[in-house]
There are 2 protein chains.
Amino acid sequence: MNIEDLKPHAEDATKLLRSIAHPTRLLVLCALKDGPVSVGALQDTLGIDQVPLSQQLMKLRAEGIVEGQRRGNQIFYAIARPDILQIMQSLQEVVCGPAVAAQQKGQTHAA
Amino acid sequence: MNIEDLKPHAEDATKLLRSIAHPTRLLVLCALKDGPVSVGALQDTLGIDQVPLSQQLMKLRAEGIVEGQRRGNQIFYAIARPDILQIMQSLQEVVCGPAVAAQQKGQTHAA
DNA sequence: TATGAATATTCAAGTTTATGAATATAGAAG
DNA sequence: CTTCTATATTCATAAACTTGAATATTCATA
C-alpha cells in the first residue's frame, strides 16, 4: 500500500467502493460468490422485493461488477470481477469480526 | 463470507465503505498507515489544499476512522481502526493490480 | 396471438454528499 | 496582547444517491 501507487487510481478506487457500498448490493455480491443465481432466488434468499432488487442489480451491472445471462424465463447473475471478492472478504472480517471470518475458512481454533 | 453472517451487519458495512469512499480520504488513510502524520505533512505529501484536506479529516474523525492529537502547534492524525488497513490492502490489490501489491510485500517474482 | 411469470425501466420526490469561498479558532512566539 | 502559523468551521450551491410507485418488457406456453 503506497501513496504514489494509489494516487493515480484513487478515483477508480473510490468509484469501485461506491459501486458496492449499499446493503442490498453487498448482500447480492455475497450471494453470488459461489456462482450464478437467478433473480428470483436472490429475492427469496435475501428477502428483498423484486423492484428494489432489480434496481440494485442494474447498478452493479452498469458498473461491470456483475453480469446477467438469460436461461429461458429467468436471468442468472454472476460476478464479473472476481477480484472484488477479496474486498468483500476483508470487509466481512472487519464488520463481522475475525472469529466469524476465520470460521468461514475452517480455522475454528476455539479461543 | 456468508449471507446470514453479513445480513445483520450490512448497514454497518455500507457505512464503513462510504466513510472511506473518497479520493482524498483513501489517500489520507494510505499516508497514515505507518503512523501519525501532521496535517501540514499530509498537505505536502498529497498535494491537497488545507481546507479540503481538513474537511475530509473531519469526516474520517467523525466516523471514528482516524483520531487527531495535538503536539504544540500541529495536530498529528493517526488511524484509529487498524482493521480497515486490511480493506485498503485488498482495494489496492484490485485497483493497482496484483503486481504492484505483491511488490509491496517484497515478492518481486518477475513474470 | 393471448396470457402469465420473471425481470427491467422510468419518474419524481427526498436525502445525502461534495465543493468552493469565506472565515474562525487555537496555540506559539514575541 | 498582538501577530503568525497551523488547523477547523460554516455556509451555500450543486451533484449524486435512494426509494417508492407505476408500468414496461421479455420469454414461455398454450
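Note: hydrogens, waters and symmetry copies are ignored here, and every other heavy atom, side chains too, is used. Chain naming here is simple, since letters A, B, ... match the order of the sequence lines and numbering starts at 1 in each.
Two residues, A:P52 and B:L57, neighbour DNA chain D, and the one matched to the more 5' nucleotide by heavy-atom proximity is B:L57. Residue A:Q43 is the one, among A:Q43 and B:A21, whose nearest nucleotide of DNA chain C lies closer to the 5' end (criterion: closest heavy atom).
Within the 4.0 Å cut-off from OP1 or OP2 of D:dT18, at least one side-chain nitrogen or oxygen of A:R25 is found. In terms of phosphate contacts, A:H22 brings a side-chain nitrogen or oxygen within less than 4.0 Å of OP1 or OP2 of D:dT19. Within the structure, a side-chain polar atom (N or O) of B:R18 is placed less than 4.0 Å from OP1 or OP2 of D:dT18. A close approach under 4.0 Å does not occur between any side-chain nitrogen or oxygen of B:R71 and OP1 or OP2 of D:dA6. For A:Y77, a side-chain nitrogen or oxygen approaches OP1 or OP2 of C:dA8 to under 4.0 Å. The shortest distance between the side-chain N/O atoms of B:R70 and the OP1/OP2 oxygens of C:dT25 is not below 4.0 Å.
At least one donor-acceptor pair under 3.5 Å links the side chain of B:R18 to the backbone N or O of A:A21. A donor-acceptor distance shorter than 3.5 angstrom exists from the side chain of B:T45 to the backbone of B:A41, with no hydrogens or angles considered.
Side chain of A:V51, nearest nucleotide from D:dA21, D:dA8, D:dT19: D:dA21. Candidate nucleotides C:dA28, C:dA21, D:dA28 were compared by shortest atom distance to the side chain of A:N73, and D:dA28 ranks first. The A:I75 side chain lies nearest to C:dT7 when the options are D:dT18, C:dT9, C:dT7. Taking only side-chain atoms of A:Q74, from C-beta outward, the nucleotide of C:dA8, C:dT23, C:dA6 with the closest atom is C:dA6. Picking from C:dT7, D:dT7, D:dT19 the nucleotide with the shortest atom distance to the side chain of A:V39 gives C:dT7.
The minimum heavy-atom distance between A:L32 and A:Y77, with the atom names listed, is CD2-O, 3.4 Å. When all heavy atoms of A:A78 and A:P36 are compared, the closest pair comes out as CB-CG, 4.0 Å. Across all their heavy atoms, A:A13 and B:L91 have their closest contact at CB-CD2, 3.8 Å.
Protein atom CG of B:L17 is 13 Å distant from nucleotide atom P of C:dT17, rounded to whole Å. Atom CD in B:Q69 sits about 13 Å away from atom P in D:dA8, given to the nearest Å. Look at CD1 on B:I48: it is 14 Å from P on C:dA18, rounded to the nearest Å. As rounded to whole Å, 14 Å separates atom C1' of D:dA22 from atom CG of A:D49. In this structure, CD of A:Q56 is placed 13 Å from C1' of D:dG20, rounded to the nearest angstrom. Between A:Q50 atom CD and D:dT23 atom C1' the separation is 11 Å, expressed in whole Å.
For C:dA26, the paired nucleotide is D:dT5, the pair qualifying as Watson-Crick or G-U wobble because both relevant distances are below 3.5 Å. Partner assigned to D:dA30 is C:dT1, using Watson-Crick or G-U wobble distances below 3.5 angstrom.
Side-chain contact check for B:Q56 versus B:V28: every heavy-atom pair is 4.5 Å or farther apart.
Among the atoms of the strands shown, none is found under 4.0 Å from any heavy atom of B:G68.
Donor-acceptor pairing under 3.5 Å, judged by distance alone, is absent between the side chain of A:Q55 and the base of C:dT7.
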